[in-house]
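My questions all concern the structure below.
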Protein chains: 2
Amino acid sequence: MGEATGGRPFNAEAGTALKAAALQLVRANGYDNVSIAAIAKAAGVARQTLYNRWATKADLILEAVFEETHAYAAEPDFDTGRDCRVLLEEFLVNVFKHLEIDGDTLRALIAAAQHDSGFQASFHAGFVKPRERMITALLVRAQDTGELPSSRNPETISTLIHGAFWYRLLNKGALNSAFAREIVSNIFD
Amino acid sequence: MGEATGGRPFNAEAGTALKAAALQLVRANGYDNVSIAAIAKAAGVARQTLYNRWATKADLILEAVFEETHAYAAEPDFDTGRDCRVLLEEFLVNVFKHLEIDGDTLRALIAAAQHDSGFQASFHAGFVKPRERMITALLVRAQDTGELPSSRNPETISTLIHGAFWYRLLNKGALNSAFAREIVSNIFD
DNA sequence: GAAATTAATAGACTGTAGTCTATTTTTAGT
DNA sequence: ACTAAAAATAGACTACAGTCTATTAATTTC
């Protein structure tokens with residue numbers, strides 16, 4: 001059932017062009033200053049074609065940003081033999097570096113998730129949760145190596161860490177390497 | 001300069017009715033399902049009258065919620081001789097109790113702040129920052145009493161704590177007394 | 001080829017936030 | 001009373017997200 005036989009195929013170029021146009025326009029003008037119509041026009045495509053692929057503006061932008069994000073929030077490499085606190089600090093510095101570029105867009109996506117529980121679910125499952133798990137895993141390892149007291153709960157600490165930078169992001173506080181150092185030293189010391 | 005002489009005075013009842021109608025409708029139907037027009041109509045007032053007092057829907061709702069909030073996020077009382085960790089846990093439990101009622105509204109206000117930097121500024125100055133300072137003050141005192149190691153930075157810890165519950169709030173995680181206990185024990189133990 | 005199927009397109013339509021304008025109402029000062 | 005000032009009201013207007021419909025174009029299966 002539901003096996004598609006026949007029918008006009010998706011135009012792959014249209015999807016690519018939409019993501020590229022979306023990312024470029026949003027970075028240049030800000031999420032709220034870019035209309036769906038403008039993205040479609042810049043991509044040279046009808047507005048409805050966009051809605052054929054993504055349910056909302058937020059879904060499109062998330063996908064566009066997401067594809068660029070793997071480079072930044074890569075899983076920390078455990079096998080370099082370095083301390084977990086160093087790995088955590090590096091990870092945070094990388095994330096903050098990405099947020100210099102897409103932080104405003106991320107803020108807008110977090111806001112969009114508050115209006116739309118469908119988007120909230122996919123944002124959380126595809127973006128938020130995986131990053132939370134990376135840090136939890138790192139903290140579990142830190143307990144194995146004895147860097148982090150076993151009295152701590154890695155999941156709670158992970159929530160504290162993510163929360164801290166969400167809080168800074170949403171309140172437009174500074175997200176720089178000094179803050180990364182602060183977080184790490186207040187968790188590990 | 002700017003001294004108002006003459007002119008029709010504000011109708012105080014209109015403002016009161018607007019806040020009451022706004023709070024009631026938003027709690028019943030959710031922020032995004034209540035239009036400005038519906039609030040004005042419920043208050044028996046013209047739509048423009050609302051805009052004469054508040055710049056945006058968010059400003060109105062914030063004020064309406066804020067007036068009910070003092071009861072919940074009251075400054076912890078330092079003079080009861082109890083441990084700071086107990087005071088912090090109680091404070092968090094009170095905040096979470098309020099969020100059972102207005103958590104969805106708060107989520108919507110945080111979202112609104114991401115679209116509107118004017119609202120962001122007043123939300124931060126009037127609502128966010130004062131609560132942040134309460135917890136920072138409590139943590140400073142905890143260092144005085146020796147409950148919290150002096151190696152910690154109270155401002156950073158305050159950010160971690162607030163961040164944790166913003167993160168839970170925005171991701172629709174549980175905000176209950178167990179979470180309050182978790183936070184406190186991972187900060188103090 | 002013909003039929004069935006699905007994408008692409010164009011454009012009408014709805015609902016809402018916020019702006020703007022013109023008119024009327026209520027007040028203070030003279 | 002009269003005037004100036006500012007609030008209240010009614011309603012037009014813009015811009016946008018998202019929905020819906022009808023038409024046309026590109027495919028696969030038979």
Side-chain angles (χ1 to χ4, degrees), chain A residues 1-19 21-22 25-26 29-62 108-109 111-120 122, chain B residues 1-19 21-22 25-26 29-62 108-109 111-120 122:
Chain A
M1 65 264 308
E3 300 297 287
T5 67
R8 182 173 176 171
F10 274 109
N11 176 0
E13 265 178 50
T16 309
L18 280 165
K19 279 183 281 189
L25 286 171
V26 164
N29 304 106
Y31 186 92
D32 288 318
N33 299 315
V34 175
S35 68
I36 290 269
I39 295 170
K41 190 174 176 186
V45 138
R47 203 160 46 90
Q48 187 57 43
T49 297
L50 193 159
Y51 283 111
N52 284 348
R53 290 173 166 72
W54 294 280
T56 67
K57 181 174 160 182
D59 289 278
L60 162 59
I61 308 289
L62 173 61
L109 290 177
Q114 309 310 314
H115 308 308
D116 176 348
S117 63
F119 176 66
Q120 170 141 54
S122 64
Chain B
M1 64 263 306
E3 300 298 287
T5 68
R8 180 173 179 173
F10 274 110
N11 176 0
E13 265 178 50
T16 309
L18 280 164
K19 280 183 282 189
L25 285 171
V26 164
N29 304 108
Y31 187 92
D32 289 317
N33 298 315
V34 176
S35 68
I36 290 269
I39 295 169
K41 190 173 176 189
V45 138
R47 203 159 48 89
Q48 188 57 42
T49 298
L50 191 159
Y51 283 111
N52 284 348
R53 290 172 166 74
W54 295 281
T56 66
K57 180 174 160 183
D59 288 277
L60 162 60
I61 307 288
L62 173 60
L109 291 177
Q114 309 311 314
H115 308 307
D116 176 346
S117 63
F119 177 67
Q120 169 141 54
S122 63

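Below, chains carry the letters A, B, ... as their sequence lines are ordered, and counting in each starts from 1.
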- Query: Quick check: does any side chain N or O of Lys57(B) sit under 3.5 Å from a backbone N or O of Val34(B), one acting as donor and the other as acceptor?
  - Reply: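 Yes, Lys57(B) side chain to Val34(B) backbone: donor-acceptor pair under 3.5 Å.
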- Task: For the side chain of Arg47(A), starting at C-beta, report the closest nucleotide among dT16(C), dG11(D), dG11(C).
- Result: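 Per side-chain heavy atoms of Arg47(A), the pick is dG11(C).
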- Message: Taking the minimum atom-to-atom distance to the side chain of Ala46(B), which one of dT25(C), dA10(D), dA7(C) wins?
- Response: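 Nucleotide nearest to Ala46(B)'s side chain: dA10(D).
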- Measure the distance from CD1 on Ile36(B) to P on dA15(D) and round it to the nearest whole Å.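 Between P of dA15(D) and CD1 of Ile36(B): 20 Å.
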- Query: Are the side chains of Leu50(B) and Val45(B) in touch, meaning some heavy atoms are under 4.5 Å apart?
  - Reply: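 No - every pair of side-chain heavy atoms lies 4.5 Å or more apart.
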- Give the nucleotide from the list dT27(D), dT26(C), dT9(C) with an atom nearest to the side chain of Arg8(B).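 Side chain of Arg8(B) sits closest to dT26(C).
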- How long is the line joining OH of Tyr51(A) and P of dG11(C), in whole Å?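 Value for this atom pair: 17 Å.
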- Item | Closest nucleotide among dT26(C), dA17(D), dA8(C) to the Pro9(B) side chain |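 The closest nucleotide is dT26(C).
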- Message: Tell me the interatomic distance from Asn52(B), atom CG, to dA8(D), atom P, rounded to whole angstroms.
- Response: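 Going from Asn52(B) (CG) to dA8(D) (P), I get 6 Å.
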- Message: Side chain of Asn11(B), heavy atoms from C-beta onward: which of dA8(D), dA8(C), dG11(C) has the nearest atom to it?
- Response: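 So the side chain of Asn11(B) is nearest to dA8(D).
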- Going from OG1 on Thr49(B) to CG on Asn11(B), what distance comes out if it is rounded to the nearest 0.5 angstrom?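 Rounded to the nearest 0.5 Å, the OG1-CG separation comes to 8.5 Å.
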- Message: For the backbone of Asp59(B) and the side chain of Thr56(B), can you confirm whether one donor and one acceptor N or O come within less than 3.5 Å of each other?
- Response: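 Between the backbone of Asp59(B) and the side chain of Thr56(B) there is a qualifying donor-acceptor contact (under 3.5 Å).
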- Query: Just how far, in rounded Å, is P of dA7(D) from CG of Leu50(B)?
  - Reply: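 Leu50(B) atom CG is separated from dA7(D) atom P by 15 Å.
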- Where is the tightest heavy-atom contact between Ala40(B) and Arg47(B), given as atom of each residue plus distance?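 Smallest heavy-atom distance, with atoms named: CB-CA, 3.8 Å.
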- Item | For atom CG of Asn33(A) and atom P of dT14(D), their distance in whole Å |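 Going from CG in Asn33(A) over to P in dT14(D) covers 20 Å.
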- Query: To the side chain of Phe10(A), which of dA17(D), dA8(C), dA7(D) is closest?
  - Reply: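 Given the options dA17(D), dA8(C), dA7(D), the side chain of Phe10(A) is closest to dA8(C).
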- Query: Where the side chain of Thr56(A) is defined as all heavy atoms beyond and including C-beta, which of dG18(D), dA8(D), dT9(C) is the nearest nucleotide?
  - Reply: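 For Thr56(A), the side-chain atoms sit closest to dG18(D).
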- Can you tell me how far P of dC16(D) sits from CD1 of Ile39(A), to the nearest Å?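 Those two atoms, CD1 and P, are 12 Å apart.
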- Message: Distance check needed: dA17(D) P versus His115(B) NE2, whole Å only.
- Response: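 Rounded to the whole Å, the gap is 12 Å.
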- Message: Nearest to the Gln48(A) side chain among dA8(C), dT9(D), dT19(D), which nucleotide is it?
- Response: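 Nucleotide nearest to Gln48(A)'s side chain: dT19(D).
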- Is Ser35(A) near enough to dC16(D) that one of its side-chain N or O atoms lies under 4.0 angstrom from OP1 or OP2?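 No, because none of the side-chain N or O atoms of Ser35(A) sits under 4.0 Å from OP1 or OP2 of dC16(D).
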- Task: Please state how far atom CD in Glu13(B) lies from atom C1' in dA8(D), giving the value in whole angstrom units.
- Result: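 Atom CD in Glu13(B) sits about 14 Å away from atom C1' in dA8(D).
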